[in-house]
Amino acid sequence: MKPRVRFAPSPTGYLHIGGARTALFNWLYARHTGGTFVLRIEDTDAARNTQEAVEAILGGLRWLGLNWDEGPLTSAATGPAKGARGPYFQSQRRAHYERRVEALLSRQLAYEKDGAVWFRMTREPIVIPDLVVGDVLRPLTDREALHPDWVLVRSDGQPVFHFVNVVDDLEMGITHVIRGEDHLSNTAKHIALFRAFGVPPPAYAHIPLILNPEGSKMSKRDRGASLGAYLEEGFLPEAVNNYLCLLGWSPKDNTEKLPLTEVVERFDLPQILRHNAKFDYEKLLWLQGEYCRELPDDRFYEMSVRALAKAGLDTNRFDVRYVKAALDTCRGKIKTFGELPDYGGFYFRPEVDYDPAAVEKCFVPENRPRLERLREAFARTDTFTAATLETTLKATAGNLGVKAGVLVHPVRLAATGRASGPSLYHLLEVLGREKTLERIERALAAFPATT
RNA sequence: GACCCUAUGGUCUAGCGGUUAGGACACCUCCCUUUCACGGAGGUAGCCCGGGUUCGAGUCCCGGUAGGGUCGCCA
């Protein structure tokens with residue numbers, strides 16, 4: 001029998017990075033085994049659930065490329081879905097829950113008290129056979145020893161998570177439950193319920209948690225916790241996927257950078273690690289840089305243009321050759337596209353704003369005449385190419401009796417407003433003679449008034 | 001507090017009884033480049049502690065300790 005796995009998020013807020021990782025592992029297992037990946041929305045908490053949150057979940061999964069074989073097609077609870085085991089929103093599955101409660105009630109496995117339905121929980125310790133940690137013996141805790149029974153349906157008629165989760169897994173034919181380790185202790189309840197229904201529980205695989213740099217469970221507030229933020233900041237889904245794979249799973253041969261297609265081939269439950277991992281933004285950024293550098297031209301331009309547009313820089317107003325040439329000088333330099341407006345925005349702004357710290361260093365009185373000389377030299381070159389600009393600048397420096405660096409920094413600041421950026425000569429070539437001279441002119445006016 | 005899980009450099013990890021404990025990120029130095037990256041060459045830094053078992057333990061067992069998780073009419 002082919003495995004059937006599911007990702008069953010609660011639509012409260014955005015898609016959490018930990019949730020995305022859980023979805024990824026389920027998806028990988030399904031794809032590796034040729035099984036089925038089900039998406040189920042656990043929207044039983046009407047007060048906290050929002051359709052926007054569902055939107056964020058669907059959008060996030062789509063962005064990562066984690067396509068589901070069964071589940072909703074839109075964020076509407078009553079909207080279209082694919083798959084024969086629906087509905088895939090718990091809010092639409094009341095009839096199933098009611099039927100299952102009745103079944104337990106009629107067999108004395110549950111009882112009513114104070115308007116709620118209680119499950120008659122076993123008093124015996126339960127062994128949780130876990131594919132990642134092995135057999136886990138879960139005895140009752142102090143509190144449970146006092147009151148082992150627990151609520152299946154609240155007095156307001158709402159069934160609780162543990163119950164609906166089990167009912168749905170049962171009815172949707174889920175064979176493997178791959179979820180965060182924070183559910184490990186609760187699994188005893190789930191197993192007891194499956195037994196009450198007279199069916200063997202699915203196989204469990206509890207994956208380690210993603211911790212924040214402080215070492216506790218990653219939560220909202222923590223930097224990098226929202227998957228949507230990566231989309232916003234101009235990350236590539238392949239980089240995020242790759243990094244997420246490495247959190248709780250290891251290919252065991254020191255490979256770090258590997259495409260998802262390869263992970264699909266190599267991924268399996270036994271290689272899932274047992275200990276929690278701290279989220280390392282720097283390492284994700286490194287992977288992002290790697291993938292960004294290898295991007296095909298078209299995609300690089302497309303992502304760049306979009307990032308610039310988002311920052312209010314409309315590249316459509318420029319010649320396409322200028323845009324491409326400009327972006328080419330930024331290639332390999334930036335890691336995320338969110339950096340681009342600041343890094344290469346000067347190409348597309350009518351005027352640059354100067355970095356104050358750099359101004360203090362470069363726009364000093366003695367540099368003013370030097371920059372004037374350079375401007376004159378730049379105005380007279382036959383061609384305006386990186387090569388001639390470099391020769392010209394170096395020759396001018398020689399005539400002035402200074403090192404090239406003395407001119408390099410002020411011109412860069414004049415042209416870009418920044419102390420660092422793309423290769424100077426190439427950037428000037430792209431900018432062109434007119435803009436370059438104009439910007440140097442403006443910079444000369446920005447020098448302190450002293451003599 | 002009870003119960004459960006975990007434990008290799010700052011971080012992610014390889015290791016599965018005999019290794020000079022390997023790789024990656026980060027950090028530092030140098031080279032390349034008069035920017036910043038990339039790239040190249042080096043470097044600092046690790047088996048939580050204590051008992052066993054064994055000729056031999058990061059590796060197996062037990063106990064501590066530490067970290068994390070769970071104990072709702074939240075999910």
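A, B, ... follow the sequence lines: proteins, then strands. Residue 1 opens every chain.
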Judged by atom type as modelled, is there a donor-acceptor pair below 3.5 Å linking the side chain of His32(A) to the main-chain atoms of Phe267(A)? yes
Judged by atom type as modelled, is there a donor-acceptor pair below 3.5 Å linking the side chain of Glu429(A) to the main-chain atoms of Ala386(A)? yes
Touch check for His206(A), heavy atoms < 4.0 angstrom, all strands: base, sugar-phosphate only, or nothing? nothing
Strictly below 4.0 Å: does Thr44(A) bring a side-chain N or O up to OP1 or OP2 of A75(B)? yes
Holding to salt bridge (charged side-chain N to carboxylate O under 4.0 Å, His left out), I want the full list of residues that pass it with Asp222(A), two or more places apart in sequence or in another chain. none
Please work out which of the three classes, parallel, tilted or perpendicular, describes the rings of Phe279(A) and Tyr281(A), given edges at 30° and 60°. tilted
Ignoring backbone atoms, establish whether Arg179(A) has a side-chain N or O less than 4.0 Å from OP1 or OP2 of U70(B). no
Base contacts versus sugar-phosphate-only contacts with protein, heavy atoms under 4.0 Å: please encode nucleotides 2-13 of chain B as B, S and - from 5' to 3'. SSSSSS---BBS
Under 4.0 Å from any atom of RNA chain B, heavy atoms only: list the residues of residues 99-117 of chain A that qualify, in numerical order. Asp114(A), Ala116(A)
Indicate for each nucleotide in nucleotides 32-39 of chain B, in 5' to 3' sequence, whether protein heavy atoms under 4.0 Å reach the base (B), only the sugar-phosphate (S), or nothing (-). --BBBBS-
Residues in salt bridge (charged side-chain N to carboxylate O under 4.0 Å, His left out) contact with Arg368(A), at least two apart in sequence or another chain: Glu372(A)
Between Phe348(A) and Tyr322(A), what is the ring plane arrangement, given parallel below 30°, perpendicular above 60°, and tilted in between? perpendicular
NA contact type, Asp45(A), heavy-atom cut-off 4.0 Å: base, sugar-phosphate, or nothing? sugar-phosphate
With sugar-phosphate taken as primed atoms, P, OP1 and OP2 and all else as base, the protein-contact string of nucleotides 59-65 of chain B at under 4.0 Å (heavy atoms; B, S, -) is -------
What's the separation between atom OH in Tyr88(A) and atom CD in Glu42(A), rounded to the nearest 0.5 Å? 14.0 Å
